[in-house]
Amino acid sequence: MTSAREIAAAVTARERSAREVIDEHLARIDEHDGELHAFNVVIADEARAAAEALDARIAAGEPVGPLAGVPVALKDNLCTRGIPTTCSSRILEGWRPPYDATVVNRLRAAGAIAVGKTNLDEFAMGSSTENSAFGPTRNPRDTTRVPGGSSGGSAAAVAAGFAPLALGSDTGGSIRQPAALCGVVGMKPTYGAVSRYGLIAFASSLDQIGPFAADVTDAALLLEAMWGHDRMDSTSISDDLVPISADLERGVRGLRIGIVEELTDVEGIAADVRAAVERAAGALEAAGAKVERVSVPATVHGLDAYYLIAPAEASSNLARYDGVRYGLRCDDEDVQHMNARTRGEGFGAEVKRRIMLGTYALSAGYYDAYYGQAQRVRTLIIRDFARAYERFDVLLSPTSPTVAFELGAKTADPLAMYLSDVCTIPTNLAGHCAISVPFGVDSELGLPIGVQVLGRELADALIFRVARAIELSVSGA
Ligand code: GLN
């Protein structure tokens, strides 16, 4: 597979045309996506037209961006003007956004070419992509298994070579966990670092858009193309871009790295996954870092707090799907019945479960006991992380407790599914950044394992550097 940076260099130097690159990727999608179902929709005509327009600009000697001609897959909860955007939900059936998400505009400006919209768990609620109303995505490394979720389609698209780059969204782990399960790199930037304008909201205090790529260097390029303030997103931070690519090879000599005990040395983390974290820590030590264990006590309550805060915010965000403003409408005798029927038929079981959980947690009399308490726990998690970061530059843990599981293995047990995100959720609650980097395979099945590097807010460049050192220790490159 050719990397994004190689494609961009070749296209810019006119060694290859963008059209040729796009055709090659579309052919691969055509051949294999019937089996994998990474995409909800492939936009072949638009992609070819964009590639030709780019080739014309290059021929005319116009400057093009750092991602010139690079195919990119977009999670189907990112608004694309005139192109169906479904969140893998029936309730958005037929809806075509009147505008592009800021990230879509920025990638276009960087020269990237969107090839399609990828499958996800409905409204990004899930960890396996099995909650999609359009059927699951399969893991390219083993098609009897899930790709993780909720950005399973994006992770699978990169792993299958359908596009060297993809975008996902991460509310509780939805970029990092599928990246780990598919053997690719996935990263959740600091909250507010990448504009969420045009990302369909799930839980607004947690949602963040981030990159997928086959390696750390490409993921850095993609993040750099998206980073930065956007006045269309009120939570967007104004800090300038820290150089990520430029610092990538600086190594880890002298860095203090802490292995988070509560996310690593606990029941439920597979032995091979734990061993991979140990080996990654060993590799970092060999590269000059100082590694120790650290306790971040309140992270053990992360999952509990998340499953009150995220559903509470979701129940509010999803109130807008009323049969009037977007997509599906199921008519009935009066407005109230029309609303109820539309929502009853339009939402799947997991989305309904979240709306009910959230509505209950926010209801009068319970608000302080559930939502208020969860917010206090969130504060404790932030405080405990802050203490750990007084002594450590970055932290280390598994990304997912296990390797990819079989399709159907957890669909009957929501709690088992929720536990997939136990290592990733604390980062979202704190608004911090974290990256998953592939590190070896499990001994039984040979399936990829992801190691997670966590950083405080705006330590994005630093976690990339550490991830690159981990990657180097695998490839020896
Ligand atoms: N799996 C978690 C959930 O179902 C996280 C999803 C996400 O990050 N979008 O809520």
Side-chain angles (χ1 to χ4, degrees), residues 74-78 87-89 118-132 136-137 146-155 166-182 186-189 191 194 196 199-212 302-318 347-358 361 374 378 399-402 404-405 409-411 413-436 450 452:
L74 304 171
K75 189 176 183 178
D76 201 13
N77 60 354
L78 292 166
C87 283
S88 290
S89 179
T118 59
N119 197 16
L120 63 147
D121 286 296
E122 186 176 1
F123 282 99
M125 297 173 189
S127 307
S128 69
T129 317
E130 292 166 294
N131 292 335
S132 166
T137 297
V146 302
S150 65
S151 316
S154 288
L167 291 189
S169 64
D170 190 313
T171 304
S174 277
I175 294 174
R176 292 160 285 159
Q177 184 259 16
L181 270 47
C182 290
M187 191 263 177
K188 186 203 95 73
Y191 184 78
V194 173
R196 293 178 301 131
L199 167 69
I200 296 177
F202 163 10
S204 308
S205 76
L206 303 159
D207 297 341
Q208 185 62 67
I209 297 169
F212 282 100
L303 198 74
D304 303 347
Y306 174 87
Y307 276 98
L308 288 164
I309 294 169
E313 293 183 15
S315 74
S316 163
N317 273 327
L318 271 57
F347 288 136
E350 183 61 28
V351 174
K352 287 179 186 166
R353 181 178 297 123
R354 303 285 178 109
I355 291 173
M356 286 188 277
L357 276 171
R378 187 173 188 173
T399 305
S400 159
T402 65
F405 45 91
K410 299 188 182 184
T411 40
D413 183 355
L415 196 57
M417 192 72 89
Y418 296 173
L419 281 165
S420 296
D421 299 299
V422 69
C423 301
T424 48
I425 278 173
T427 292
N428 300 76
L429 289 168
H432 291 169
C433 56
I435 185 167
S436 179
Q452 181 176 223

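Remember, it's 1-based here, ligands and their atoms both numbered in the order they're listed.
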>> Please enumerate all residues that pass side-chain contact (heavy atoms from CB on, under 4.5 Å) together with S204, with sequence neighbours excluded.
In response: R196, A201, E313, N317
> Between the main-chain N or O of M125 and the side-chain N or O of N131, is there a donor-acceptor pair closer than 3.5 Å?
Replying inline: yes
> What residues come within 4.0 Å of ligand 1, counting heavy atoms only?
Replying inline: A124, M125, G126, S127, S150, D170, T171, G172, G173, S174, F202, Y306, Y307, R354, D421
>> Under a plain distance cut-off of 3.5 Å, with no hydrogens placed, do S169 and K75 share a side-chain donor-acceptor pair?
In response: yes
>> Going by the rule ring-ring contact (aromatic ring centres under 6.0 Å, His included), which residues pair with F405 if we only count those two or more places apart in sequence or in a different chain?
In response: none
> Which salt bridge (Lys or Arg N to Asp or Glu O under 4.0 Å) pairs, counting each pair once, include a residue from residues 419-428, with sequence neighbours left out?
Replying inline: none
> Is E350 close to D121 at the side-chain level, that is, under 4.5 Å between some pair of heavy atoms?
Replying inline: no
